[in-house]
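A quick note: this is a predicted structure, and the numbers were derived from the prediction, not measured. Note that ligands are numbered from 1 as they come in the structure, with each ligand's atoms numbered from 1 the same way.
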Amino acid sequence: MSIKKSGATIIFFILISVGYANDGYKLWLQYLPFENKAVSDYYRDYLENISISGESPTLDIIQKELIIASKGFFDQQVLPEFSKTTDSNLTWIIRSEDLPEEIKGKLGTKLSEVKEEGYWLKSYQGKIIITAKTDIGLLYGTFAFLKAIQTREKLENLDRLENPKIQKRLLNHWDNLNRTVERGYAGFSIWNWHRLPNHIDQQYIDYARANASIGINGTSIFNVNSNALILTPEYLEKAKALADAFRPYGIKIYLTARFNAPMILDSLPTADPQDPAVQVWWKKKTKEIYSYIPDFGGFLVKADSEGQPGPHNYGRTQADGANMLADAVRPFGGIVMWRAFVYNEKTPTDRIRQAYDEFKPLDGTFRDNVIVQVKNGPLDFQPREPFHPLFGAMPKTPLMMEFQITKEYLGQETHWVNLATMWREILQSDTYAKGKGSTVSKVIDGSLHGYKLTGIAGVANIGTDRNWTGHQTAQADWYAFGKLAWNPDANIDEIAEDWLKMTFSNDVDFVATSKEIMLRSHEILVNYMTPLGLHHIMARSHHWGPGPWVTGGGREDWTATYYHKASEEGIGFDRTEKGSNALAQYAPEWKKTWGDADKIPLEYLLWFHRVSWDKKLSTGNNLWTEMALRYQKGVEGARWMQSQWAKMEGKIDQERYEHISSFFKIQVSEAEWWRDSCLLYFQQFSKMTLPPGVEKPKHDLKYYLNFKRNFVPGI
Ligand code: BDP
């Protein structure tokens, strides 16, 4: 490093970030200039002279990151100097085995608590020691150190020892080979297949940096609605190039496996998992993949669902299918993530029962390198669902969580809704599998049932938009996903606060106001879209905007009327024993509250019960009035978010301020659209007037029924 600090001549700016054009590309790794000289001086000592012991591509990345950070913090004026020796340096980045014996002794047995990917940030005799067993641990520790600075933590008493609670922390890209992204709303796929393998775009590197900074250690790069071509040499070569680029960041590549690939690629007469020729085909294919990518993570599979082939085609079970692939990856240390999103319109039961009915009896029959990937709720990423009843029900089969970071059913990219709030609701739900306190988070971190394999996946919201995620604030969902993957019990208030500080500003007012917007946003959205347990009432196919009238079309379980069942008698899906009895899939404790239409929290009322329009609720209102008031409240909430945001002008850069402001125009008008169209539609059945306080709809029902948009993204 030849660049020297420029001493006392450094110019400081108050709120230097204001006025800078900022398109959001740098995500939460903004490393914005310090707000004043005192703050700058405080951190400067730690950032100026750093020792990094050892050599490896990952350690080079650490060095580069510290330079990028210093360039930002000090507005290019100060750059760190690096040395290999620890003497006289204030910040040490050092593998635990390389620590001087004397310090090892002082740190004591606690040092052995640092596991494979963990790290320890320890203030020690005026220095900061960042230590870890592995270089990836050091990378995570460096990002934690930079985060402490970004969020203005005092460093003197720093003592943070962290290990991830979940082993496999993955993004799932639903990206296609033609660069469209299924349910992607932020442009096209960032994987430029045409230019791979020779061109490694800077965006891939920045993607890896961002993921490493939040502890994500795997990425499945293709759509679960898979294309067998990804398993051919043409694409394996390209996947290898990505794997090579991601490796020093601790990120492994996973591929989706189309179940009938042996038939498509090599004309085998069958894809029956019990057929020896099929088994041999997968073994050979897997060996070939590992010859390209020696640390290939394994397969992600969507089978027997929404037209995807699977073991059902041959009268076999999900375990038969998963185990065949598990046997193929086992010699190489790979795993199979087998999705539980299995349902069929020909199965006569309630769609939301089907995954449980199918998988629960298979508990204990999967190979130990299979993990079953379960969506957070039993339906499909709705704005609110109860937790999936499989959590807690498969003690002998590792289950991993699948969240959707992309907002297919939550207004897509233009609505600001903080998904961490919804995820916390799920993660902290009690399954009662082993008595009170058996939360979903304990299922997936393995502690409840002693799972040997643990995992979590988030369906990525990333695309070619300059800001990666369409809405500037959707970056927060990517960030929070990583943090909850690391620790599913992490505090989401802190996650939101850290993200705001790292992404925009440490201004106290800004952080407090924006955090309140974030933490209230989910309830607001639920109110203007699907209050009282309504679900799947989005428009057909693209799922953008309201469509409670969607009916017919060949697949009942893809209509809205299947789910809300509105008529003059009432509304809601009876899932008690008088109805589909999906409720029986939950612990008896839940049956007591959820099974009783008078005791169930109103949030889930119409999910589990069918009730009359004039049913009196705990709020004192009848169902119709409560529904109308909640829709209205949702709209008012969206307007409140908008007006709070308007006060933020001048507190952050104008570019991102305006970007978010303009998206609020969309969000508020779409909230009104949801309220007006849903209330007009349901009013046909309730035949009651709108209660006082609910605004008169802008148009008549016919207008909403005929409202069509072409080329809605994401399908
Ligand atoms: C649904 C999406 C569909 C996905 C499917 C899945 O509408 O595009 O393929 O989930 O998760 O939510 O497989």
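Put simply, the side chain of Gln318 reaches to within 4.5 Å of the side chain of His312, judged on heavy atoms. With contacts defined as side-chain heavy-atom distances shorter than 4.5 Å, the pair His415/Leu525 qualifies. Two residues are said to be in side-chain contact when any heavy atoms from C-beta on lie closer than 4.5 Å; Ile371 and Tyr451 fail this criterion.
The heavy atom nearest to atom 10 (O) of ligand 1, considering only Arg183, Met538, Lys375, Gln308, is found in Lys375.
Relative ring orientation between Trp544 and Phe707 is described as tilted, the plane-to-plane angle lying within the 30° to 60° band. Ring planes of Phe403 and Phe481: perpendicular class, angle over 60° (limits at 30 and 60°). In this structure, Trp191 and Tyr207 have perpendicular ring planes: the angle between them is above 60°, well past the 30° mark.
At under 3.5 Å, not a single nitrogen or oxygen of Trp174, backbone or side chain, sits near a nitrogen or oxygen of ligand 1. Residue-to-ligand polar distances place Arg339 within reach of ligand 1: an N/O pair is separated by less than 3.5 Å.
The atoms of ligand 1 that sit less than 4.0 Å from any heavy atom of His543 are 7 (O). Those atoms of ligand 1 with a heavy atom of Asp380 less than 4.0 angstrom away are 1 (C), 10 (O), 12 (O). Ligand 1 places these atoms under 4.0 Å from at least one heavy atom of Glu408: 1 (C), 2 (C), 7 (O), 12 (O). Taking every heavy atom of Phe341 and a limit of under 4.0 angstrom, the matching atoms of ligand 1 come to 5 (C), 6 (C), 10 (O), 11 (O), 13 (O).
By the 4.0 Å heavy-atom criterion, Gln404 is excluded from the residues contacting ligand 1.
The proximity of Ile715 to ligand 1, defined as any non-hydrogen pair under 4.0 Å, does not occur for either the backbone or the side chain.
Ranking protein heavy atoms by distance to atom 3 (C) of ligand 1, first place goes to Glu182 OE2, 3.3 Å. The nearest protein atom to atom 5 (C) of ligand 1, hydrogens excluded, is given as Glu306 OE1, 3.3 Å; this is a heavy-atom distance. In this structure, atom 13 (O) of ligand 1 lies nearest to the protein heavy atom Lys302 NZ, 2.6 Å.
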(Q) Determine whether Lys165 and Asp489 satisfy the following criterion, salt bridge (Lys or Arg N to Asp or Glu O under 4.0 Å), listing intermediate values before the conclusion. (A) CA-CA 9 Å; Lys165 284 199 178 174; Asp489 292 320; 3.6 Å; yes
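In Lys396, the NZ atom is not crowded: 12 or fewer heavy atoms of neighbouring residues, nucleotides or ligands sit closer than 6.0 Å.
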